[in-house]
Amino acid sequence: QVQLVESGGGLVQAGGSLRLSCAASGRSFSSFATAWFRQAPEKEREFVASLSRSGGSTAYAASVKGRFTISRDNAKNTMYLQMNNLKPEDTAVYYCAAADRSFAPPTNSGYAYWGQGTQVTISS
């Protein structure tokens, strides 16, 4: 059984940085295309960033491009989201997800596995 567990969330001031981690168990992360999503209060879950199964292709939402970086350490079976220059509008619960495909879709559908989420709060 595949399990994804996020960590690294917290409260930081605007302009600060956080690094989220998503640890996988039960199967190698390198066999999945993976992504990060987020959901702010009273809003729908939205795509943040994705990484192809090969690790050679990334994609970002326009709102985070240039500030966030997705990466994966296959040896640790862990995916990361480095978030810099954080803004209050980045406040949300962040989820990692894994899909049994080569490329991760920028939509909620198509992901077989989800983590439980980690709260990120950015103060102004």
Side-chain angles (χ1 to χ4, degrees):
Q1 183 179 358
V2 176
Q3 287 190 319
L4 306 179
V5 179
E6 301 98 334
S7 61
L11 171 64
V12 298
Q13 290 188 329
S17 298
L18 279 174
R19 188 178 78 158
L20 304 183
S21 299
C22 175
S25 61
R27 192 168 149 186
S28 173
F29 239 151
S30 62
S31 67
F32 296 111
T34 54
W36 288 94
F37 287 78
R38 67 186 182 186
Q39 187 167 20
E42 301 182 356
K43 291 189 176 181
E44 294 186 353
R45 189 174 299 186
E46 65 175 3
F47 170 79
V48 174
S50 66
L51 184 63
S52 64
R53 180 161 56 199
S54 71
S57 178
T58 59
Y60 296 91
S63 59
V64 307
K65 198 168 187 178
R67 299 188 297 122
F68 291 10
T69 303
I70 188 172
S71 62
R72 188 174 68 213
D73 185 333
N74 291 336
K76 295 182 178 180
N77 216 25
T78 300
M79 179 175 66
Y80 302 98
L81 184 68
Q82 178 66 44
M83 306 186 295
N84 297 329
N85 191 21
L86 284 161
K87 304 176 181 180
E89 52 263 42
D90 294 319
T91 295
V93 177
Y94 284 70
Y95 300 89
C96 62
D100 281 309
R101 50 202 299 174
S102 296
F103 294 94
T107 59
N108 284 324
S109 61
Y111 291 89
Y113 307 102
W114 290 85
Q116 83 290 350
T118 186
Q119 176 70 48
V120 171
T121 303
I122 311 302
S123 62
S124 58

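Both backbone and side-chain heavy atoms feed into the values below; hydrogens, waters and symmetry mates do not.
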Mind jotting down which residue pairs meet the salt bridge (Lys or Arg N to Asp or Glu O under 4.0 Å) criterion with at least one end in residues 99-114? Sequence neighbours excluded, please.
-> R27-D100
I70 and M79, any side-chain heavy atoms less than 4.5 Å apart | yes
Shared hydrophobic cluster, L81 / L86 (ILVMFWY, side-chain heavy atoms < 4.5 Å) | yes
List in chain and number order the residues that pass side chain to side chain donor-acceptor pair (under 3.5 Å) with Q82, two or more places apart in sequence or in another chain; answer none if no residue qualifies.
-> N84
Closest non-hydrogen atom pair, T118 against G8 | OG1-N, 4.3 Å
Applying side chain to side chain donor-acceptor pair (under 3.5 Å) to T69 and not counting sequence neighbours gives none
Can you pull the salt bridge (Lys or Arg N to Asp or Glu O under 4.0 Å) pairs that have at least one residue in residues 2-26, sequence neighbours excluded?
-> none
Here the ring pair (Phe, Tyr, Trp, His ring centres under 6.0 Å) pairs for residues 47-102, sequence neighbours left out, are F37-F47
Do you know which two heavy atoms are closest between A104 and A33, and how far apart they sit?
-> N-CB, 3.4 Å
Residue pairs passing the salt bridge (Lys or Arg N to Asp or Glu O under 4.0 Å) test where at least one lies in residues 46-71, sequence neighbours excluded = R38-E46, R67-D90
Where do A14 and P88 come nearest, in terms of heavy atoms and distance?
-> CB-CD, 4.1 Å
Which pairs, with at least one residue in residues 11-35 and sequence neighbours excluded, count as a ring pair (Phe, Tyr, Trp, His ring centres under 6.0 Å)?
-> F32-Y113
Which atoms form the tightest heavy-atom contact between L51 and R72, and what is the distance?
-> CD2-CB, 3.5 Å
Measure from the side-chain N and O atoms of N77 to the backbone N and O of A24, and report whether any donor-acceptor pair falls under 3.5 Å.
-> yes
Any M83 side-chain heavy atom under 4.5 Å of W36 side chain | no
Summary of disulfide (SG to SG under 2.5 Å) pairs that have at least one residue in residues 34-88, sequence neighbours excluded = none
With Q119, which residues qualify under side-chain contact (heavy atoms from CB on, under 4.5 Å), at least two apart?
-> T91, V93, T121
Quick one: salt bridge (Lys or Arg N to Asp or Glu O under 4.0 Å) pairs with a partner in residues 75-86, sequence neighbours left out?
-> none
Which pairs pass disulfide (SG to SG under 2.5 Å) with one or both residues in residues 25-83, sequence neighbours excluded?
-> none
Disulfide (SG to SG under 2.5 Å) pairs, two or more places apart, involving residues 19-62 | C22-C96
Supply the atom-to-atom distance L11 CG to L18 CG, rounded to the nearest 0.5 angstrom.
-> 9.0 Å
